[in-house]
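See below for the structure under consideration.
Proteins come first, then strands; the chains are lettered A, B, ... in the order of their sequence lines, and each starts at number 1. None of these values were measured; they are calculated from a predicted model.
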Amino acid sequence: MSDRNYWLMKSEPDAYSIDDLERDQVEPWDGIRNYAARNYMRDEMKVGDKVLFYHSQISPPEIVGTMEVASEPYPDPTQFDPDSKYFDAKSSEEDPTWILVDVKFVQKFDKPVDREAMKKESALDDMELFRLSRLSITPVREAEWNKIMEMAEG
DNA sequence: GCCAACGTTGGC
DNA sequence: GCCAACGTTGGC
């Protein structure tokens with residue numbers, strides 16, 4: 001329990017939203033094609049880690065709920081599918097480049113926490129979300145997680 | 001739609 | 001191995 005990690009994962013709701021996850025319950029977080037994000041999934045995530053679900057590319061961008069890491073890391077099947085937009089011809093089954101985890105729906109916030117509100121909170125000043133603006137998976141500190149939960153309830 | 005940030009590619 | 005060109009992300 002003490003080694004639990006917290007994360008934030010972005011998705012464009014047009015591609016995959018919190019409502020899609022609530023319907024599916026468990027879903028492979030596929031399509032990640034950035035090495036830093038892959039490394040977090042491959043090397044650092046543990047089953048049961050808690051994850052903030054962030055909707056990007058909409059106005060306003062916001063955290064809309066939470067989920068949990070629900071599998072060990074395994075190869076992203078879309079990299080081997082020529083019909084997928086995530087197909088990677090340079091990757092092979094023997095030595096896959098892209099690794100993902102499954103995520104499981106936990107809750108959808110009644111009141112999403114938007115980016116603007118987060119920026120106003122000094123407790124969230126150091127969030128990796130703001131520092132690494134284009135990275136789609138970032139670590140979250142326990143104090144940051146707790147603050148966001150408080151904001152979602154308030 | 002614009003543009004800044006930044007990761008990737010490829011020529012040398 | 002450097003670095004310019006290029007492509008993508010994502011806030012605004």
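In this structure A/Asp20 satisfies the salt bridge (Lys or Arg N to Asp or Glu O under 4.0 Å) test together with A/Arg23, sequence neighbours excluded. Considering only residues two or more places apart in sequence or on other chains, A/Glu121 meets the salt bridge (Lys or Arg N to Asp or Glu O under 4.0 Å) condition with A/Lys147. By the side-chain hydrogen bond (donor to acceptor under 3.5 Å, both in side chains) test, A/Tyr6 is found to be paired with no residue, residues two or more places apart in sequence or in another chain being considered. Here A/Glu12 pairs with nothing under the salt bridge (Lys or Arg N to Asp or Glu O under 4.0 Å) rule; sequence neighbours left out.
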Kindly list each side-chain donor-acceptor pair under 3.5 angstrom involving residues 129-136 of chain A, sequence neighbours excluded, with atom names and distances?
unit_1	atom_1	unit_2	atom_2	d
A/Arg131	NE	A/Glu128	OE1	3.2
A/Arg131	NE	A/Glu128	OE2	3.4
A/Arg131	NH2	A/Glu128	OE1	2.7

Check residues 52-64 of chain A and write down every donor-acceptor pair under 3.5 Å in which the side-chain atom is one partner and the other belongs to a residue at least two apart or another chain.
unit_1	atom_1	unit_2	atom_2	d
A/Tyr54	OH	A/Arg115	NH1	3.0
A/His55	NE2	A/Ile18	N	3.1

Please produce a list of atom pairs where a protein N or O lies less than 3.5 Å from an N or O of nucleotides 8-11 of chain B.
none

Give me, pair by pair, the N or O atoms of the protein and of nucleotides 1-5 of chain B that are less than 3.5 Å apart, along with how far apart they are.
unit_1	atom_1	unit_2	atom_2	d
B/dA5	N3	A/Arg134	NE	3.2

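Contacts classified as salt bridge (charged side-chain N to carboxylate O under 4.0 Å, His left out) and involving residues 96-108 of chain A (residues at least two apart or in different chains) are given here: A/Asp19-A/Lys108, A/Glu68-A/Lys104. Applying the salt bridge (charged side-chain N to carboxylate O under 4.0 Å, His left out) test to residues at least two apart or on different chains, the pairs with a partner in residues 29-42 of chain A are A/Arg33-A/Asp76. The ring-ring contact (aromatic ring centres under 6.0 Å, His included) analysis of residues 90-127 of chain A, with sequence neighbours excluded, yields the pairs A/Tyr35-A/Trp98.
One N or O on the side chain of A/Ser91 and one on the backbone of A/Thr97 form a donor-acceptor pair closer than 3.5 Å.
When the local axes at the two ends of the helix from B/dG1-C/dC12 to B/dC12-C/dG1 are compared, using 5 base pairs at each end, they differ in direction by 10° after rounding to 10°.
Looking at heavy-atom distances under 4.0 Å, A/Phe130 makes no contact with the nucleic acid at all.
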